[in-house]
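Start at 1 and go down the list; that is how both ligands and their atoms are numbered.
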Amino acid sequence: MFEHREQLSGWGNCPRETCRTASPGTWSAQHAAVMDSPSVIARGMGRSYGDPALNSEGLVLNQTAMRRMLSFDDRTGILECEAGVSFAEIIEVLLPRGWFLPTSPGTKFVSVGGAIAADVHGKNHHRVGSIGNFIHEIQLLLASGDVLICSPQSNSDVFQATVGGMGLTGIIQTAKLQLTRVPSAYCKVTYQRTKNLDHTLEQFIDTDGGYEYSVAWVDCLSGGKSLGRSVLMLGNGAVPEELNTSQRAQPYALPVQRSKTVPGWFPASLMNRASIRAFNEVFYRAPRPSQAIVDFDKYFYPLDGLNHWNRMYGAQGFVQYQAWFPETTSRQGLIELLAQIVASGRGSFLAVLKSCGAASPGMLSFLDRGHTLALDFKNTGPDLLTLSQELDRIVLQHGGRLYLAKDAMMNAETFAAMYPRLPEFRQVQAAVDPEGKFISSQARRLQIICERRPETAAQTTQPHSQLVQ
Ligand SMILES: Cc1cc2nc3c(=O)[nH]c(=O)nc-3n(C[C@H](O)[C@H](O)[C@H](O)COP(=O)(O)OP(=O)(O)OC[C@H]3O[C@@H](n4cnc5c(N)ncnc54)[C@H](O)[C@@H]3O)c2cc1C
């Protein structure tokens, strides 16, 4: 199979690594690539931010050429597909038939394999949890070359290690995914402005029962009495009676494409405290109706309308810091985290707070009951690393954790302290992959798998050099 070397990164463009890559188009080619290489990691659409889909010391096996939809049952809503199928493709084919994803991240440009490996969540975690709750079955290519079928009922330990397991148990070849019926391709969205964090958290409590979807944009530059002031965007699927005449004529019409493209790297200097403060002020105060009917693209995927928006942070890239706090500590944890960010003077256009429901079965899955906050930070090297270590300390102190799909800066000790089911995961992972064939740059940095090969044993817990230069 054709292999080449290329510079790869995650969505944050940081770190960048030169990796050996291959893109098999058949299961036999995929099998051969896995058997021929001592070290492999799968890659979907590269929408994780840091280094989970990089492998500078081995092969990165791109899954996007393997993207056939194999079957769909219109009565049950179960889709069987190859792991390279994207959420965008599922929407394109099945939304016109009245079906949508049971939960979806803030971009539809993710693969089914990448979504399962990160156990992604959406704006409805408080209601339905993460995608792992909707996977009936996975077909997994193991390091031995065997193919294992796992599900919540059969080989359930491997299933639980694979959902949220960041590709470290094997290659997900196919999945059976439960879709959800929706009343239309539109959401009825209610907007609420809050004056501070307490007000935001109260609004979550008051509205979680009444809305399927909820998310708050947070002004992370605002301190003092306005710390945590937000705009909540609460949504429910819109029924045909709520649509206008033209929408009602075609309630499942695919949203009109409205993409624009960021043409090249923006000068990183444009992302500064003043520009972010100005944006936040305008966004917070913008006149908006208290309710509106908006199409799914606008509500679920506002960022997808701007291709390559990640270039806006400049060629040095950026990091997304996403933390979760348990219910009992989230208020205090969020106050301390936001106060530290305000004090650092680093802003983020994108600071998103969500309310979270029960954990999914994944051993390394991210969310449980509580709240999660995600922010983007421009990569500025050592001082960003210092800030992130201060933030990590706050998260740890409050029993929280960081999201592997976004992480680029954690160290191994912090990771182990945040993920209580890590020993269980390592046991299953060692049983299915005793030589540690499936490994990513992130897994080396965080020592996610037990050290068995000399290559991994030599690793330290240092953060990536592109963040410390
Ligand atoms: C704009 C934006 C918004 C986002 N919003 C959210 C959000 O709201 N909620 C959320 O949960 N996430 C969110 N994410 C993160 C994203 O959903 C995850 O990182 C997801 O894993 C990306 O899928 P991918 O196909 O691009 O996977 P990649 O980034 O290519 O890979 C991610 C991981 O999956 C593994 N993997 C990929 N394919 C396979 C396979 N076939 N078999 C085994 N392992 C595999 C890789 O090894 C890697 O560890 C967002 C990302 C972006 C860019």
Q) Is a side-chain donor or acceptor of R193 paired with a backbone partner of A286 at a separation under 3.5 angstrom? A) yes
Q) Which residue supplies the protein heavy atom nearest to atom 24 (P) of ligand 1, what is that atom called, and how far is it? A) M45 N, 3.4 Å
Q. What residue and heavy atom of the protein are closest to atom 53 (C) of ligand 1, and at what distance?
A. W11 CD1, 3.3 Å
**Q.** Euclidean distance, I116 CD1 relative to I131 CD1, rounded to 0.5 Å
**A.** 7.5 Å
Q. If you count the atoms of ligand 1 from 1 in the order shown, which ones are under 4.0 Å from a heavy atom of I171?
A. 42 (N)
**Q.** Min N/O separation A115 to ligand 1 under 3.5 Å
**A.** no
**Q.** Side-chain (T103) to main-chain (G122) donor-acceptor, under 3.5 angstrom
**A.** yes
Q. Can you list the ligand 1 atoms lying under 4.0 Å from a non-hydrogen atom of M166?
A. 47 (O), 49 (O)
Q.
Can you name the atoms of ligand 1, numbered from 1 with element, that are less than 4.0 Å from a heavy atom of A83?
A. 41 (N)
**Q.** D51 and R444 ion-paired at < 4.0 Å
**A.** no
Q.
Yes or no: does W309 have any heavy atom under 4.0 Å from an atom of ligand 1?
A. yes
Q | Residue and atom name of the nearest protein heavy atom (relative to atom 15 (C) of ligand 1), distance in Å to one decimal | A | K406 CE, 3.7 Å
Q. Where the side chain of T372 meets the backbone of A323, is there a donor-acceptor pair that is under 3.5 Å apart?
A. yes
Q.
Given the ring of Y299, does K123 sit roughly above its face, with NZ or CZ under 6.0 Å from the centre of the six-membered ring and within 45° of the axis?
A. yes
Q: Select one of side chain, backbone, both or neither to describe which atoms of P105 lie under 4.0 Å from any atom of ligand 1, heavy atoms only.
A: both
Q. Given that the side chain starts at C-beta and the backbone is N, CA, C, O, which of these parts of Q63 lies under 4.0 Å from ligand 1, counting heavy atoms, or is it both or neither?
A. side chain
Q: Work out whether the distance between some heavy atom of Y49 and some atom of ligand 1 is less than 4.0 Å.
A: yes
Q: Between A118 and ligand 1, find which residue part has any heavy-atom pair under 4.0 Å and reply side chain, backbone, both or neither.
A: side chain
**Q.** Protein contact to atom 42 (N) of ligand 1 [nearest heavy atom, distance to 0.1 Å]
**A.** I172 N, 2.8 Å
Q) Atom CZ of F377 and atom SG of C220: how far apart are they, to the nearest 0.5 Å? A) 6.5 Å
Q: Report yes or no: does K354 have a heavy atom closer than 4.0 Å to ligand 1?
A: yes
Q) So, the side chain of K176 versus the backbone of I78: is there a donor-acceptor pair under 3.5 Å, distance only? A) no
Q. Between the side chains of Q63 and E82, does any donor sit under 3.5 Å from an acceptor?
A. no
Q) Which of the numbered atoms in ligand 1 are below 4.0 angstrom from a heavy atom of S48? A) 19 (O), 22 (C), 28 (P), 29 (O), 31 (O), 32 (C)
Q: Report yes or no: do T414 and D392 form a side-chain donor-acceptor pair below 3.5 Å?
A: no
Q: Please say whether S104 places an N or O atom under 3.5 Å from an N or O atom belonging to ligand 1.
A: no
Q | Minimum-distance protein heavy atom relative to atom 4 (C) of ligand 1 | A | G106 N, 3.8 Å
Q: Could you list which atoms of ligand 1 come closer than 4.0 Å to a heavy atom of A405?
A: 19 (O)
Q) For ligand 1, is there an atom lying under 4.0 Å from some heavy atom of G122? A) no
Q.
Tell me the protein heavy atom at minimum distance from atom 22 (C) of ligand 1, and give that distance in Å.
A. V110 CG1, 3.6 Å
Q. Nearest protein heavy-atom contact for atom 38 (N) of ligand 1: which residue, which atom, what distance?
A. G114 N, 3.5 Å
(Q) Checking side-chain polar atoms at under 3.5 Å, does T21 have a donor or acceptor matched by the opposite partner on E6? (A) yes
Q | Closest candidate by heavy atom, reference atom 47 (O) of ligand 1, pool G165, A117, A42, S440 | A | A42
Q. Are the charged groups of R20 and E3 less than 4.0 angstrom apart, N to O?
A. yes
Q) Nearest to atom 26 (O) of ligand 1, what protein heavy atom do you find, and at what distance? A) R47 N, 2.7 Å
(Q) Need the ligand 1 atom indices (1-based, order shown) with element for anything under 4.0 Å from a heavy-atom of G44. (A) 25 (O), 28 (P), 30 (O), 37 (C), 38 (N)
Q.
When you compare ligand 1 with P52, is there at least one nitrogen or oxygen pair between them that comes in under 3.5 angstrom?
A. yes
(Q) Taking 4.0 Å as the limit for heavy-atom contacts, which would you say applies to I41 with ligand 1: side chain only, backbone only, both, or neither? (A) side chain
Q: For D295 and A185, indicate whether the former's side chain and the latter's backbone hold a donor-acceptor pair under 3.5 Å.
A: no
Q) What distance separates Q178 CD from L79 CG, expressed to the nearest 0.5 Å? A) 10.0 Å
Q) Looking only at heavy atoms of G170, does any of them come nearer than 4.0 Å to an atom of ligand 1? A) yes
Q. Is the side chain of S360 donor-acceptor paired with the backbone N or O of D119 at a distance under 3.5 Å, no angle test?
A. no
Q: Show which atoms of ligand 1 fall inside a sub-4.0 Å distance from at least one heavy-atom site of Y403.
A: 10 (C), 11 (O), 12 (N)
**Q.** No-hydrogen, no-angle side-chain donor-acceptor test under 3.5 Å, S348 and D376
**A.** no
